[in-house]
2 protein chains.
Amino acid sequence: MQPQGWESIRDEVSARIRARLWAPGDTIPGEETLAQEFGVARATVNRAMRELAATGVIERRRKAGTRVALLPARRALLEIAVIRLEVEGKGAAYSHQVLEDRMEAAPPPVVARLGLPAGTVLRRLRTLHLADGQPWAYEDRWLNPAALVGEAPDFTQVSANEWLVSHVPYATGDIAFSAEGAEPDVAVALGVEEGAALFVTDRATWTEAQPITSVRLYHAPGYRMRSAL
Amino acid sequence: MQPQGWESIRDEVSARIRARLWAPGDTIPGEETLAQEFGVARATVNRAMRELAATGVIERRRKAGTRVALLPARRALLEIAVIRLEVEGKGAAYSHQVLEDRMEAAPPPVVARLGLPAGTVLRRLRTLHLADGQPWAYEDRWLNPAALVGEAPDFTQVSANEWLVSHVPYATGDIAFSAEGAEPDVAVALGVEEGAALFVTDRATWTEAQPITSVRLYHAPGYRMRSAL
DNA sequence: GACGCTATTATGTCTGCACATAATAAGCCC
DNA sequence: GGGCTTATTATGTGCAGACATAATAGCGTC
């Protein structure tokens with residue numbers, strides 16, 4: 001069954017673009033025109049076009065109109081789940097061990113990323129996440145104690161990430177992915193050879209007021225991050 | 001300056017959630033109620049709430065109402081750009097070399113991924129992408145010739161990905177990221193040691209009717225994929 | 001032609017109303 | 001209480017009309 005309403009318009013416009021009826025770079029008819037053609041209100045066309053613009057298929061500018069994107073940069077939506085849920089989603093039992101928890105002067109890359117003065121002392125947490133007792137990911141986290149006003153969580157019970165996500169209100173952040181060879185301590189913790197290729201996630205988060213945490217996750221070999229395109 | 005209109009409502013609701021005025025798991029007031037409180041039409045509140053639902057902050061269900069997400073799975077929007085643009089965006093000159101281009105029986109993982117019968121013969125393209133003459137990424141692509149009806153592109157001129165993106169209408173696809181140790185041929189092409197940790201992108205695309213291509217990209221060491229969170 | 005101002009125009013958003021839809025809650029029968 | 005049907009309700013979507021906004025296009029001046 002075909003979709004109805006604004007989705008049908010989105011699909012029809014999308015189909016015309018894919019069929020090159022409207023070629024990349026072309027300006028396509030205005031909302032008013034399309035609304036008449038499809039026999040709907042302009043708001044309905046707008047809804048459909050907004051959706052297509054969000055996926056990068058078209059580019060819209062006031063007055064200039066709507067044009068088919070020249071090189072549609074595909075957009076993929078990544079779901080960054082809490083590790084526990086990720087592990088449990090695989091049908092495995094989740095557990096974690098805190099390997100280290102102490103105050104330490106953060107190294108330059110970390111303070112730079114968080115926008116703190118050089119030499120700032122942060123709480124460093126090293127954690128091993130396990131799935132059915134097997135190493136799943138090694139976490140190296142720097143936590144700004146100033147961001148945890150009055151709260152004293154026990155990270156041996158609840159993982160730092162999970163606690164932060166549901167207790168510290170935060171606004172922004174960024175995330176980066178890369179591949180790294182396992183350093184000695186990481187290799188030992190994950191039980192892999194030194195230099196083994198590991199999938200690494202780097203994340204930093206801030207509130208409006210101050211930096212909260214910078215965390216690096218070394219995923220065990222074989223880890224894949226998936227998404228629909 | 002504060003945003004106005006639906007964005008101000010989105011921000012206000014978001015702020016109340018972060019301030020735990022509405023705690024995770026709570027059901028928040030209905031659209032009609034909020035519309036009255038903010039002095040706007042329900043459609044405006046709906047717009048704001050739809051946006052928050054899309055970012056995973058709230059979960060909405062008809063009749064059940066709107067509730068604050070318990071464990072907000074962060075969503076990151078990845079922009080998958082064409083390699084040429086990625087390289088040029090770094091201020092480097094892009095070029096590429098086709099290392100191999102021939103028909104070959106696709107191995108089991110590839111046919112499985114594309115949903116083709118075992119032993120199907122596909123066009124295999126191995127390409128090296130360069131930035132300022134330095135290896136940037138090694139591409140191993142399997143292309144379904146049936147998907148290129150009548151068209152005969154010259155992939156030594158335009159990269160396969162770029163040509164496909166702007167010439168083959170396609171509907172769906174999926175993408176996965178992982179870390180792999182460099183195999184011998186990849187290591188040679190990229191000029192790195194065997195076993196070096198490489199960031200790998202696997203992508204498969206289909207039209208409604210048939211599979212188009214399956215491609216694996218080995219990025220040169222140091223590659224980072226970034227996104228706002 | 002180079003400039004700066006103004007008119008025009010397509011998209012962006014809002015309102016107020018209506019009906020559709022999905023899912024819970026309530027009622028009913030046994 | 002268990003299992004079914006029906007009513008209720010919050011969200012989802014639609015429409016018509018209006019004004020806001022951004023950016024181009026056109027005009028006039030020099």
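Note on naming: letters A, B, ... go to the chains in the order of the sequence lines (proteins, then strands), and numbering restarts at 1 for each one. Just so you know, these numbers come straight off a predicted model, no measurement behind them.
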Just how far, in rounded Å, is C1' of dC14(C) from CD of Glu7(B)?
13 Å
Nearest heavy atom decides the nucleotide; on that basis, is Ala64(A) or Trp6(B) closer to the 5' end of DNA chain C?
Ala64(A)
In whole angstrom, what separates Arg67(B)'s CZ from dA10(D)'s P?
14 Å
Among the nucleotides dT15(C), dT11(C), dT13(D), whichever has the atom closest to the side chain of Glu31(A) is dT11(C)
Quickly work out the Asn46(A) CG to dA20(D) P distance and round it to whole Å.
18 Å
No-hydrogen, no-angle side-chain donor-acceptor test under 3.5 Å, Thr66(B) and Arg60(B):
yes
Taking only the side-chain nitrogens and oxygens of Arg47(B), find out if one of them lies under 4.0 Å from OP1 or OP2 of dT13(C).
yes
Take atom CD of Gln36(A) and atom P of dG17(D), then tell me their distance rounded to the nearest Å.
12 Å
Nucleic acid contacts - residues 55-62 of chain B versus DNA chain C, non-hydrogen atoms under 4.0 Å:
Arg61(B), Arg62(B)
Over how many whole Å does the gap from Ile9(A) atom CD1 to dG12(D) atom P extend?
19 Å
Whole-Å distance between dC15(D) C1' and Glu32(A) CD?
12 Å
What one should report as the nearest heavy-atom pair of Leu78(B) and Ser227(B) is CD2-CB, 3.7 Å
Lys/Arg N to Asp/Glu carboxylate O, Asp202(A) vs Arg224(B), below 4.0 Å
yes
Look at the side chain of Lys63(B) and decide which nucleotide, out of dT24(D), dT11(C), dA25(C), has an atom nearest to it.
dA25(C)
Please state whether the phosphate of dA10(C), meaning OP1 or OP2, lies under 4.0 angstrom from any side-chain nitrogen or oxygen of Thr66(A).
no
Is there a side-chain contact between Thr44(A) and the phosphate of dT13(D), meaning an N or O under 4.0 Å from OP1 or OP2?
no
Given the side-chain rings of Phe199(B) and Phe199(A), with only the six-membered ring counted for Trp, is the space between their centroids under 6.0 Å?
yes
Using every non-hydrogen atom in the two residues, find where Arg113(A) and Ala204(A) come nearest and quote the distance to one decimal.
NE-CB, 3.6 Å
What is the distance, rounded to the nearest whole Å, between atom CZ of Arg50(A) and atom C1' of dG14(D)?
14 Å
Look at the aromatic rings of Tyr138(A) and Tyr218(A) and report parallel, tilted or perpendicular, splitting at 30° and 60°.
tilted
Check whether any side-chain N or O of Trp22(B) sits under 3.5 Å from a backbone N or O of Thr27(B) as a donor-acceptor pair, and report yes or no.
no
Just the rounded figure in Å: distance from C1' of dT13(D) to CZ of Arg10(A).
14 Å
Give one of base, sugar-phosphate or nothing for Arg42(A), where a contact means two heavy atoms less than 4.0 Å apart.
base
